[in-house]
Amino acid sequence: MPMVRPWEGLRELCHKYGDILGMTIMGSPVVVLNSANDISQYLDGHSATTSSRPRSASQELLDLTGLFAFMPYGPEWRLHRRTMWQYFTPTAVTKYIPAIQTSSRITLHKLLEAPDRFEEHFQDSVGATLMKVVYGLDAKYENDESLMTIDKGLESGRESLVPGRFLVDVIPILRFLPPFFPSQKRFSRLREQTARMYDMPYSLHKAAAMRGDMGDCILSDMLSQFTSKPDDNIYDPTVNPVGDRVARGVTAVTFAAGSDTTCAVLKTFVLAMSLNPDVLKRAHAETDAVVGPTRLPDLEDRDALPYVYAMYLETLRWMQVVPLGLAHNTTEDEQFGDYFVPAGTMILANIWACMHDPNTYHEPASFAPERFLRDGKLDPEVRNPNDFVFGFGRRICPGRHYAESDIFLTMAHIIHVFDIRPPVDEDGREVAIEPRMVNGFVSWPEDCRCRITPRTPHAATLIVDEFAQRLNQG
Ligand code: HEM
């Protein structure tokens, strides 16, 4: 298994061995699918038998098994997934648009004030929106204790998804080492961080609810579904044990799976803009014509902004957030084409290879949103990245509609009011940035430094006015 940006090395191997690669990793069978057809046929077509997850000793030691993204296929996973999905259907996510709009306006204002810190602003914005929607809490946007606690808690999830990061996954008996061993101490520290991630925002929400200071949010609605009597205290785990378990898991997984991924796309977007001034110019022309100078774009403008929407698709295609997807596991012995796949085989989908297939996308390394358009409209004949980057079968990302609304709106806002150019050195010369993805399970650009400046003085005023208006609305 290639270790550095394995998605590239795996595609190289296909030239020698074919699109379906079989191997053994740490004694377990692994199949890597590299073609769009095989991925759709196997992971979508055989979803009843390919929708489990591999278990790892580290995930158990880190107490991550309550996050349904890591659960094997079965009733517990189904209960969590169904509980989450009702809040993230295309219709349900329309409820969160006001929260997304507020966060995006705050982000524009932050970009105006401190453009160099754009990565932090993206992270704060994505986290604050989820905090509002999921827990009903108003985050501070900077140095917010809950957001920082959640971010620390996510460290264990990030680490455990990197194959080979923990020796215990290779030699499971190591889990029985005594607590004073350095590896056990590390697990203990990470476990504490995970526990705080589950508990802290939950407790803040509960305290606010007890004070009668809590509006609509996913958590309280979810908890109330699991009690039978209207007077039951939904927050009492002895009265509502299932609700407590499921709600803690679902709220935490929403952050775990939703924050790094969404931020990564926004970073990819600004890098693409700084490297492709012609694309940004064309997008400026589109939002100027459709939206005009007196307001910011809205989600209702999406159909009238096909080029901006194509930029969203191209951003997802150009650099994938999860280039090898999240591993699936098979639950039955079965035949796939000419291959026998035993139960318990790990299946990896090389999403990057599908999104960089030169037979489908001309010059796949270039950033060219127009590849998705024909006669000014989206071309249904072109492979849609939405069908790949969010995964497959019964495990397809349940946050995909929310992610699209959040990312599209933030992108459209930034386009409408900002210019994005490459960074400059001390002598004022533009620095050439090499677009390269980091070598992680969740990936983003290695270097996305850029200069973000308001397009015009009028655009700067619009940002300030829109920000002030939102604050006045509460
Ligand atoms: C652009 C942003 C995002 C990308 C590219 C993305 C991608 C993915 C991928 C590839 C998977 C694995 C699917 C599979 O196993 O085949 C996944 C799973 C998941 N995603 Fe996302 N995701 C994004 C945003 C979000 C957001 C915003 C949320 C929450 C609101 C979310 C929640 C989840 C959950 C809970 C799972 C686990 C599903 C399961 O195991 O049943 N994701 N995502």
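What you see below is based on every heavy atom in this structure, not just the backbone, and it leaves out hydrogens, waters and symmetry mates. Every number for a ligand or one of its atoms is a count from 1 in the order of the listing. Residue indices begin at 1 and follow the sequence shown.
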**OP:** Carefully, step by step, assess K267 and E446 under the rule salt bridge (Lys or Arg N to Asp or Glu O under 4.0 Å).
**Re:** CA-CA 10 Å; K267 288 185 213 170; E446 231 170 49; over 6 Å; no
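- Residues N329 and P72 have side chains not in contact (no heavy-atom distance under 4.5 Å, counting atoms from C-beta outward).
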Original post:
Between E404 and R302, is a salt bridge (Lys or Arg N to Asp or Glu O under 4.0 Å) present by the stated rule, with each step listed?
Top reply: CA-CA 11 Å; E404 174 168 322; R302 184 160 38 191; 2.9 Å; yes
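- Within the structure, the closest approach of L43 to ligand 1 does not fall below 4.0 Å when heavy atoms are considered.
- Checked by atom type, the side-chain pair Q59/T65 shows no donor-acceptor distance below 3.5 Å.
- When only interatomic distances are considered, the shortest N/O to N/O separation between F392 and ligand 1 falls below 3.5 Å.
- Figure legend: cation-pi geometry between R248 and Y202, with NZ or CZ positioned under 6.0 Å from the six-membered ring centre and within 45° of its axis.
- When each atom of ligand 1 is checked for a heavy atom of T254 under 4.0 Å away, the hits are 29 (C), 30 (C).
- Residue-to-ligand polar distances keep Y402 apart from ligand 1: every N/O pair is separated by 3.5 Å or more.
- In M71, neither the side chain nor the backbone holds a heavy atom less than 4.0 Å from any atom of ligand 1.
- Relative to the six-membered ring of F388, R317 misses at least one condition, a distance below 6.0 Å or an angle of at most 45° to the axis.
- Of all the heavy atoms of Q320, none lies under 4.0 Å from any atom of ligand 1, so neither backbone nor side chain is involved.
- Ranking protein heavy atoms by distance to atom 42 (N) of ligand 1, first place goes to C397 SG, 2.9 Å.
- The shortest N/O to N/O separation between R394 and ligand 1 does not fall below 3.5 Å.
- At a heavy-atom distance under 4.0 Å, no atom of F70 approaches ligand 1.
- Distance alone, capped at 3.5 Å, is enough to place a donor-acceptor pair between the W318 side chain and the A365 backbone.
- With ligand atoms numbered from 1 in the order given, ligand 1 contributes 5 (C), 7 (C), 10 (C) to contacts under 4.0 Å with heavy atoms of V389.
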